[in-house]
> 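Below: one structure in structure tokens.
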Amino acid sequence: MSKNETGHVKNIANANLLCTHIAELGAKYNPSNPKLLLTNLQNMYNTAFAHQETVNNSIAPYSLAVDHREKLFAPVSKKITKLRKMYKTTEGVTMAQLEDFMTIARKLKGIKKNNSAVTDPQQENIKISISQMSYDQRTNNYEVLISLLQNTPNYLPNEIEYQVPTLQQEKVQMLQATQEVADSFIPLNTARTVRNNTVYNSEDNLVDTFNKAKDYIFTILDGSSLQYKTISKIKFKKA
């Protein structure tokens, strides 16, 4: 599970922990607000837990799709370097054509992977969108490069890995890999949205409701008691 998920998991786990403490209070816990009743809190925890499980189950397919795409694109830069040498040895290729090749090659090599940590779910979605666009751009530039080779009369290498049909098949694989990432991100994004609404964003969200429950508990417990001090350490924080 990514570091971005740990805060959500902690809030949900703490909800269960607070429910356990409330159950121990028994009849002493008797809030006038029905939303703070133990049964409602337990239902809210169960719902949030189920939503988090859906997120967890959606992470692996997305991560595997991303890993597959990165593995597929990883050799591209080195291959472009070799293709340049192959292109340069082609009979009749001019300096202008070679510069056209290098212009496309620079675009293909110029996109760097961003490994910076992201904690804001909205920023995470933006980062993923930018990453998706960069792979789309690389695939498009790969197609432009193929077109240049295809339209160079004497570009007819004997080596299969440099032949136009091979490059075209690689482009198809790139498109498929990026589509798999997009397809697997949709259910993950939906699951995160549902989970976030339950835990943070809805009117009666988990974090606000359980913090109110804590406030009520502090009105019925002695501030110097061990139980009070233990419950005070159970935190619920917005992401």
> Within the side chain of Asn141, is there an N or O that forms a donor-acceptor pair under 3.5 Å with the backbone of Gln137?
yes
> Can Val199 be reached from Tyr45 by stepping across I, L, V, M, F, W or Y side chains whose heavy atoms are under 4.5 Å apart?
yes
> When rounded to the nearest 0.5 angstrom, what is the spacing between CZ in Phe49 and OG1 in Thr54?
10.5 Å
> What heavy-atom pair brings Ser202 and Asn205 nearest, and what distance separates the two atoms?
O-ND2, 3.0 Å
> NE2 of His51 to OG1 of Thr193: how many Å apart, nearest 0.5 Å?
11.5 Å
> Relative to Tyr135, does Arg69 satisfy both conditions: NZ or CZ under 6.0 angstrom from the six-membered ring centre, and within 45 degrees of the ring's axis?
yes
> Start with the C-alpha distance between Glu161 and Lys82, add both sets of side-chain angles, then the distance that settles salt bridge (charged side-chain N to carboxylate O under 4.0 Å, His left out), and finish with yes or no.
CA-CA 10 Å; Glu161 64 177 308; Lys82 291 185 176 182; 5.4 Å; no
> Examine the side chains of Asp183 and Gln179 and answer whether a donor and an acceptor come within less than 3.5 Å of each other.
yes
> Using the rule that two of Ile, Leu, Val, Met, Phe, Trp, Tyr join whenever any of their side-chain heavy atoms come within less than 4.5 Å, decide whether Ile104 and Tyr162 are in one cluster.
yes
> side-chain contact (heavy atoms from CB on, under 4.5 Å), that's the test. Do Arg138 and Met174 meet it? Break it down for me.
CA-CA 9 Å; Arg138 293 185 75 183; Met174 291 176 183; over 6 Å; no
> So, do Leu83 and Leu145 sit near enough that their side-chain heavy atoms are less than 4.5 Å apart?
yes
> Might you point out which heavy atoms bring Thr94 and Gln97 nearest each other, and give the distance in Å?
N-OE1, 2.9 Å
> Are the side chain of Asn11 and the backbone of Lys237 linked by a donor-acceptor contact shorter than 3.5 Å?
yes
> Does one hydrophobic cluster hold both Val9 and Val207, with members joined at side-chain heavy-atom distances below 4.5 Å?
no
> Within the 4.5 Å heavy-atom criterion, are Leu221 and Leu25 side-chain neighbours or not?
yes
> What do the steps show when you test Ser232 against Lys214 for side-chain hydrogen bond (donor to acceptor under 3.5 Å, both in side chains), and what is the final call?
CA-CA 8 Å; Ser232 67; Lys214 277 182 62 179; over 6 Å; no
> Under the 3.5 angstrom rule, does the side chain of Glu143 hit a backbone N or O of Lys171 as a donor-acceptor pair?
no
> Does Gln163 reach the main-chain N or O of Pro157 with its side chain, forming a donor-acceptor pair under 3.5 Å?
yes
> Using modelled atom types and a 3.5 Å cut-off, is there a donor and acceptor pairing between side-chain atoms of Asn46 and backbone atoms of Gln42?
yes
> Given the rule in the side-chain hydrogen bond (donor to acceptor under 3.5 Å, both in side chains) test, do Tyr200 and Asp208 qualify, once you have shown the distances and angles that lead to the verdict?
CA-CA 8 Å; Tyr200 307 109; Asp208 289 340; over 6 Å; no
> Please give me the minimum heavy-atom distance between Val93 and Leu98, naming the atom from each residue.
CG1-N, 4.3 Å
> Kindly determine whether Asn56 and Gln52 satisfy side-chain contact (heavy atoms from CB on, under 4.5 Å), including the steps that lead there.
CA-CA 6 Å; Asn56 295 345; Gln52 182 61 47; 2.9 Å; yes
> Would you find a donor on one side and an acceptor on the other, under 3.5 Å apart, between the side chain of Asn154 and the backbone of Glu91?
yes
> Do Val144 and Leu148 sit in one hydrophobic cluster, given that two such residues count as connected whenever their side-chain heavy atoms are within less than 4.5 Å of each other, even indirectly?
yes
> Using the rule that two of Ile, Leu, Val, Met, Phe, Trp, Tyr join whenever any of their side-chain heavy atoms come within less than 4.5 Å, decide whether Ile186 and Leu188 are in one cluster.
no
> ring-ring contact (aromatic ring centres under 6.0 Å, His included), that's the test. Do Tyr216 and Tyr29 meet it? Break it down for me.
CA-CA 9 Å; Tyr216 171 72; Tyr29 183 85; 5.2 Å; yes
> With distance as the sole test, does Ser184 use its side chain to make a donor-acceptor pair with the main-chain N or O of Val181 at under 3.5 Å?
yes
> Starting at CG of Asn16, measure out to CE of Met44 and round the result to the nearest 0.5 Å.
14.0 Å
> Start with the C-alpha gap between Arg106 and Glu99, add the side-chain angles, then the distance that decides, and say whether salt bridge (charged side-chain N to carboxylate O under 4.0 Å, His left out) holds.
CA-CA 10 Å; Arg106 280 190 288 270; Glu99 182 54 37; 2.7 Å; yes
> Shortest non-hydrogen contact from Lys35 to Thr209?
O-CG2, 3.8 Å
